[in-house]
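The first residue in the sequence is number 1, and the count goes up from there.
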Amino acid sequence: MLTTMTRVFLAGLAAGFGVAIPVGAIAVLVMGLAARTSFRVGAAAALGVATADGLYAAVAALGGAALVTVLTPVAGPLRVVAAVVLLALAGHTAVRALRSARPGALAGTDSTSGGPDSGSRPFAGGRGLETPPRAFAGVLALTLLNPATVVYFAALVLGRQDSAAPALPAAGAFVLGAFLASASWQLMVAGGGTMVGRVLAGPRGRLGTALVSSAIIAALAVVMVVAA
């Protein structure tokens with residue numbers, strides 16, 4: 001039992017890293033949030049991604065081939081919805097950054113930013129995804145708009161031959177492995193974003209980070225639709 005469950009857990013780890021490591025718009029979003037705000041916000045976004053991956057891994061482990069049949073026809077439309085949301089989010093972030101880049105904000109004297117260190121973080125307001133709860137919920141919802149993830153997990157689950165393992169314990173081990181892999185990778189991405197934010201500590205550096213991340217997210221969203 002232990003050997004089989006360990007094997008299933010390791011399969012979940014491999015699956016989680018497989019879906020998390022390729023750089024896409026969500027990873028850029030997580031890194032950009034961490035760079036512009038704080039590690040707490042980036043970590044909340046990272047855990048939102050991992051939670052979505054874990055949920056889809058659970059759905060795949062428990063549902064199998066039937067869910068692939070149901071979700072495959074809607075994968076394309078949902079991918080388009082996700083791309084539109086990402087484009088809107090990229091545009092919103094860029095517009096807010098440019099509006100914040102007025103002389104008072106860039107000098108660190110913006111009276112609306114609030115907080116002792118807010119002069120160095122003019123874009124870390126309470127709107128959008130730039131608080132931990134909103135980052136978690138928003139990125140969770142965005143990640144759930146990609147049903148291709150559950151198809152990926154289901155294909156791996158169906159490819160395993162673990163009939164000796166009880167269904168629920170095996171599914172739990174697989175889901176736990178997938179969640180931990182996704183969470184560890186996304187938290188590393190958030191940590192990288194935080195380091196970028198510290199290197200580009202000034203308001204102009206954060207403005208550049210916001211604009212660059214918005215441009216990359218927009219480009220990846222377009223690719224998401226074109227490649228569908």
Side-chain angles (χ1 to χ4, degrees), residues 6 8-61 82 85-86 89-90 93 115 117 120-121 123-150 152-153 156 171-201 205-206 208-210 212-214 216-217 220-221 224:
T6 301
V8 174
F9 173 76
L10 292 177
L13 276 179
F17 281 123
V19 79
I21 289 177
V23 176
I26 298 296
V28 176
L29 176 61
V30 170
M31 181 174 286
L33 280 171
R36 295 193 312 275
T37 57
S38 66
F39 179 72
R40 287 180 61 227
V41 174
L47 292 177
V49 179
T51 300
D53 288 344
L55 288 173
Y56 270 154
V59 168
V85 173
L86 286 167
L89 186 59
T93 300
D117 64 344
S120 64
R121 298 188 177 193
F123 316 127
R127 296 178 296 171
L129 300 180
E130 294 176 345
T131 64
R134 292 181 181 182
F136 176 84
V139 175
L140 169 63
L142 266 173
T143 309
L144 287 174
L145 284 173
N146 183 19
T149 303
V150 76
Y152 163 82
F153 281 127
L156 293 176
F174 182 83
V175 171
L176 179 61
F179 173 81
L180 291 177
S182 181
S184 62
W185 181 263
Q186 298 298 340
L187 286 170
M188 188 172 67
V189 169
T194 302
M195 288 191 291
V196 170
R198 288 176 179 172
V199 172
L200 304 176
R206 295 187 184 277
T209 300
V212 170
S213 64
S214 294
I216 295 174
I217 290 170
L220 290 172
M224 185 187 303

Which heavy-atom pair separates [X] from [Y] by the least distance, and what is that distance?
X: V30; Y: A45; answer: CG2-CB, 4.0 Å
X: I217; Y: A25; answer: CG1-O, 3.9 Å
X: P132; Y: A44; answer: O-CB, 3.2 Å
X: G18; Y: P22; answer: O-CD, 3.2 Å
X: Y56; Y: L144; answer: OH-O, 2.5 Å
X: G54; Y: V175; answer: O-CG1, 3.6 Å

Excluding sequence neighbours, so at least two apart, what forms side-chain contact (heavy atoms from CB on, under 4.5 Å) with [X]?
X: T143; result: I26, V49, A52, D53, V139
X: A178; result: A57, F153
X: T194; result: A34, F39, R198
X: A82; result: L145, M224

Once you round to the nearest 0.5 Å, how far does [atom1] of [X] lie from [atom2] of [Y]?
X: Q186; Y: T51; atom1: CD; atom2: OG1; value: 11.0 Å
X: T131; Y: L33; atom1: OG1; atom2: CG; value: 10.0 Å
X: L187; Y: L47; atom1: CG; atom2: CG; value: 5.0 Å

Exercise. Does F179 offer a backbone N or O that forms a donor-acceptor pair with the side chain of S182 under 3.5 Å?
Worked result: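 Checked: no pair found.
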
Exercise. Can you find a heavy atom in the side chain of L129 that is under 4.5 Å from one in the side chain of L89?
Worked result: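 Touching, per the 4.5 Å side-chain cut-off.
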
